Every structure is written in structure tokens, then in C-alpha cells.
Amino acid sequence: YGANFGLKMSSFILVIFGSMLFAGEFDRGTIKILLTRPITRTDLFIAKGLTGLILAVILFSVVMMLSFGFGCMKGDLGPVWDASEYGSNKSYDDIVSIAVKAAAISLPGIIAAVFLGIVVSTLADTSGFAVAIALTLFVGLDLGTGLVQDGARFFFNHYPAYAFKVLQSFASGTSATWDEAIDKRGLYWTIPGSTIGLSTILAYVMFRFRNILV
């Protein structure tokens, strides 16, 4: 009921937003004004990073609430119910647990999107250029890893779609199992987490040592 599509759109929005966080300041020339204030570049970087993180969590929460609400209003009983006995073939606890797990698997990938944009943002001087590069990189990685067998596992954007695909299969009454590599080995958080960590380090180093004439 919209969660999968909503999170996909949220990823694009976050990549665009992240790519404009620093590039927009360079574009408008306000970066020079900010750096004349009694704050360090580290302070500014942390503030920008927290802004992106907060937006990612807000977008994720909004998508989850809207899809849940729409599902409650428009959803039907579906194959998880036995038509003759009008009883559920799957327990409430099972349905809730897999839904919560799908949301948990999706969140790190959504957060990673904004930090991918931030890396590009520290390199570009204009917002338009930063957005173009970030989206090209994002779409290219998404398509490129998808063409390689099991390669999509190594791109953070794979996990939101994967999680809700499993949830959809479970809700439709078919057997649904989590990929052992993703579930047991924790790829759903190690891959996005590594992306966030590496992106943060690269973005900070580039911003920290970038020559900005105030």
C-alpha cells in the first residue's frame, strides 16, 4: 500500500537534498558568510549531517504512517485468511514481527541515500551540477549492481525494496523467507552503514580542506 514506492521516491528526494546541502551554500555564496561566524567547519559539517539525518528519519516515518493508514482503510482480508472459516492462517504476532523487521531493514538504506548526496555536495560549486552528478551516480549504481547476479546486495538502495517484497509475499499467503546473507550476516545494516561511514569521512575531509576564500 505505497511503502515500497514511497521509500523509493524518498531515496531520490534525499539524494537531491543531500547534494544541495553544501553546494547550495557555495552556489549562493552564503558559505563565506557562515564561515565568518564563530563556528568551525566541523560544527557546520555536523549541523548539515544532522539535518540530512533528521530529514531521512522524517520521510521514512511519514511514508510508513501513510502506507499503514492507507492499508488499514483500503486493505482487504486477502489470502492470509481462510475464506470458509474466516480465520487467519498466520498469527498476528508473525505478521507484526515481519512487518517491523521489513521497516527495520529499510531504514539504514534510506539514511544512506542522503549521505551519498552530501559527498557530491562537498565537491560541486553549483546546486544543479551537484544534483545531476548525485542522481547519475545513484541511478548508475542502482542499475549497475542490479545487472550483476546478487550484486544488488552490495548497494544500499536494494534493501528497502527487498524488505517489502518479502513482506508482500508473506501477506499474500505464500511462503516468505529472509535471505540468510542479508538477515543472519546483517548486510541490511552493514552495507548502508559502511556507505554512511565512508561517505561521512570523505565528505568531511573534502569540506575540511577545501580552499574557501572568506
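Just so you know, these numbers come straight off a predicted model, no measurement behind them.
- Note on Phe68: it does not cluster hydrophobically with Phe60, by side-chain heavy-atom contacts below 4.5 Å among ILVMFWY residues.
- Lys101 places none of its side-chain heavy atoms less than 4.5 Å from the side chain of Val166.
- Here Arg37 does not pair with Asp43 in a salt bridge; the nearest charged N to carboxylate O distance is not below 4.0 Å.
- Between Thr42 and Tyr204, the closest side-chain pair of non-hydrogen atoms falls below 4.5 Å.
- Taking the charged nitrogens against the carboxylate oxygens, Arg153 and Asp179 do have a contact shorter than 4.0 Å, which makes a salt bridge.
- Residues passing the ring-ring contact (aromatic ring centres under 6.0 Å, His included) test with Phe22, sequence neighbours excluded: Phe45, Phe207.
- No more than 12 heavy atoms of other residues, nucleotides or ligands shown are found within 6.0 angstrom of CE on Met20.
- Remark: Arg28 CZ is packed, more than 12 non-hydrogen atoms of other residues, nucleotides or ligands lying under 6.0 Å away.
- Residues satisfying the ring-ring contact (aromatic ring centres under 6.0 Å, His included) criterion with Phe138, sequence neighbours excluded, are Phe12, Phe155.
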Inset, instruction - Check the pair Ile110 / Leu14 against side-chain contact (heavy atoms from CB on, under 4.5 Å), numbers first and verdict last. - result: CA-CA 8 Å; Ile110 297 301; Leu14 289 168; 3.4 Å; yes
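- Put simply, Ile46 and Ile39 are part of the same group of oily side chains (I, L, V, M, F, W, Y) that touch within less than 4.5 Å, one to the next.
- Residues Ser199 and Ile118 fail the side-chain proximity criterion, which asks for heavy atoms closer than 4.5 Å.
- The two residues Ala124 and Phe129 make their nearest non-hydrogen contact at CB-CD2, 4.0 Å.
- Between Val63 and Phe5, every side-chain heavy-atom pair lies at or beyond the 4.5 Å cut-off.
- Residues Phe115 and Thr195 form no side-chain contact, since every pair of their non-hydrogen atoms from C-beta on lies 4.5 Å or further apart.
- When every heavy atom of Ser19 is checked against every heavy atom of Ala23, the shortest pair comes out as O-CB, 3.4 Å.
- Contact of the Ile31 side chain with the Leu44 side chain is registered, since non-hydrogen atoms from C-beta on lie closer than 4.5 Å.
- Looking at Phe156 and Leu116, their side chains come closer than 4.5 Å, going by heavy atoms from C-beta outward.
- Residues Thr126 and Asp27 have side chains that never bring a donor and an acceptor to within less than 3.5 angstrom of each other.
- Counting heavy atoms from C-beta on, the side chains of Leu187 and Tyr159 come closer than 4.5 Å.
- Between Lys48 and Glu25 there is a salt bridge, with a side-chain nitrogen of the basic residue lying less than 4.0 Å from a carboxylate oxygen of the acidic one.
- For the side chain to side chain contact (heavy atoms under 4.5 Å, CB included) test, residues two or more places apart in sequence or in another chain that qualify with Ala163 are Ala102, Ile105, Ser106, Trp178.
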